[in-house]
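To keep things clear, I will list the structure first and then write my remarks on it.
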Amino acid sequence: VKILTQNENSKLQAALVSNLKSAVTAAFLMLPESFSEEDLYMQIAGLSYSGDFRMVIGEDRLKVQNIVKPNVPHFQKLYSNILQDCPQVVYKHHLGRLEIDKSPEGQFTQLMALPRTLQQKITSLVDPPGKNRDVEEILLQVAHDPDCGFVVHQGAKKSITYSMKKLYKMTKGWLRKTS
């Protein structure tokens, strides 16, 4: 993890902080009620690879662990302010554990804090086409689902896969223009 400071560009800084908060929120939804800091960082780092087909074929299965373990202090520096300002998490220092509200209400609050694109991916997974239900109504249903974390993981996976495909198309088009 390399921490960049962009004090002169407040829009970039705000986008970076927003992205970090979104990663924490998605990870909270996929983790159990009690977990270690390392579990949290493993989940966050794993988000980047969840839609990557190379993780199934050919990539080191311990890649995420190999990224997180030696860099825990850097992850702590990157996420400490976000965790301190987060009302949904309680850090039990004496146990070395964090606890998150896994009630339907707590999960609904977290679902509503996710980026709109991820909310839409989750909605498309759960809501059959043609029903025209409200996103908030669908996320409330997901919040009550015992498999809420799995649904969020699948939505994140589809969102990342979609983004990777768009990036690939963009790069392919750019390469055609330059050759």
Side-chain angles (χ1 to χ4, degrees), residues 1-52 55 62-123 135-136 139-140 142-143 145 148-164 167:
V1 175
K2 175 99 170 133
I3 298 174
L4 304 174
T5 54
Q6 295 286 332
N7 295 335
E8 67 277 356
N9 190 335
S10 61
K11 279 186 179 180
L12 175 61
Q13 196 62 34
L16 290 170
V17 170
S18 176
N19 191 42
L20 294 174
K21 286 180 180 177
S22 295
V24 167
T25 302
F28 282 168
L29 286 158
M30 292 184 267
L31 286 163
E33 188 174 358
S34 177
F35 50 90
S36 69
E37 255 188 290
E38 192 173 294
D39 293 336
L40 173 64
Y41 303 140
M42 294 279 286
Q43 191 69 53
I44 290 170
L47 287 171
S48 298
Y49 298 102
S50 64
D52 190 344
M55 291 304 286
L62 298 176
K63 183 172 189 142
V64 173
Q65 183 176 324
N66 292 339
I67 291 169
V68 173
K69 285 211 181 257
N71 290 298
V72 168
H74 297 293
F75 278 95
Q76 288 171 326
K77 185 175 180 184
L78 196 60
Y79 290 100
S80 66
N81 289 340
I82 292 167
L83 293 174
Q84 287 172 4
D85 294 342
C86 183
Q88 294 106 351
V89 72
V90 175
Y91 194 6
K92 300 210 170 177
H93 292 279
H94 61 287
L95 299 174
R97 312 273 311 155
L98 294 113
E99 290 186 358
I100 190 77
D101 180 5
K102 294 304 259 186
S103 70
E105 296 78 17
Q107 291 191 138
F108 179 67
T109 300
Q110 293 163 18
L111 287 164
M112 292 302 292
L114 291 173
R116 189 56 118 185
T117 53
L118 182 49
Q119 289 177 348
Q120 290 168 341
K121 290 292 177 189
I122 292 167
T123 300
V135 170
E136 194 171 318
L139 293 179
L140 186 58
V142 172
D145 189 332
C148 176
F150 178 74
V151 174
V152 171
H153 182 263
Q154 294 298 21
K157 188 174 170 179
K158 288 193 178 296
S159 186
I160 290 167
T161 302
Y162 174 76
S163 298
M164 298 279 273
L167 184 63

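This structure is a prediction, so every number in the text was calculated from the model and none was measured.
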Point to revise | Closest approach of V64 to A45 (non-hydrogen atoms, all atoms of both residues) | key: CG1-CB, 3.8 Å
Review point. So which heavy atom on Q107 is nearest to which on C148, and how close?
Key: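 Taking Q107 first and C148 second, the nearest heavy atoms are NE2-CB, 3.7 Å.
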Of all residues at least two apart in sequence or in a different chain, which pass the side-chain contact (heavy atoms from CB on, under 4.5 Å) check with [X]?
X	result
A23	I44, L47, Y79
Q88	C86, I100, T109, Q110
P115	S22, T117, L118

What distance separates [X] [atom1] from [Y] [atom2], expressed to the nearest 0.5 Å?
X	Y	atom1	atom2	result
K21	T25	NZ	OG1	9.0 Å
Y41	L78	OH	CG	8.5 Å
L140	E105	CG	CD	8.5 Å
I67	H74	CD1	NE2	13.5 Å

By the salt bridge (Lys or Arg N to Asp or Glu O under 4.0 Å) test, which pairs, at least two apart or in different chains, include something from [range]?
range	value
residues 91-104	K92-E99
residues 110-119	none
residues 27-43	E38-K69

Practice item. Please assess S34 against L95 for the test side chain to side chain contact (heavy atoms under 4.5 Å, CB included), listing each intermediate value before the final yes or no. Key: CA-CA 10 Å; S34 177; L95 299 174; over 6 Å; no
Practice item. Could you list the residues that satisfy ring-ring contact (aromatic ring centres under 6.0 Å, His included) with H93, not counting sequence neighbours? Key: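 Partners of H93 by the ring-ring contact (aromatic ring centres under 6.0 Å, His included) criterion, ordered by chain and then number, come out as Y91.
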Review point. Does F150 have any ring-ring contact (aromatic ring centres under 6.0 Å, His included) partners at least two apart in sequence or in another chain, and if so, which?
Key: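 Per chain and number, F150 pairs via ring-ring contact (aromatic ring centres under 6.0 Å, His included) with no residue.
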Practice item. Before giving the answer on side chain to side chain contact (heavy atoms under 4.5 Å, CB included), spell out for L98 and L31 the whole-Å C-alpha distance, their side-chain angles and the decisive distance to 0.1 Å. Key: CA-CA 10 Å; L98 294 113; L31 286 163; over 6 Å; no
Check your understanding: Are the side chain of S18 and the backbone of A14 linked by a donor-acceptor contact shorter than 3.5 Å?
Key ->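 Here the side-chain-to-backbone pair does not exist.
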Practice item. State whether the side chain of Q154 and the backbone N or O of I122 hold a donor-acceptor pair below 3.5 Å, judged by distance alone. Key: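 Answer holds: no.
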Check your understanding: Does F28 reach the side chain of Q43, with side-chain heavy atoms less than 4.5 Å apart?
Key -> no
Exercise for review: Begin with the C-alpha distance, continue with both residues' side-chain angles, and end with the deciding distance and a verdict on side chain to side chain contact (heavy atoms under 4.5 Å, CB included) for L83 and L40.
Suggested key: CA-CA 11 Å; L83 293 174; L40 173 64; 3.8 Å; yes
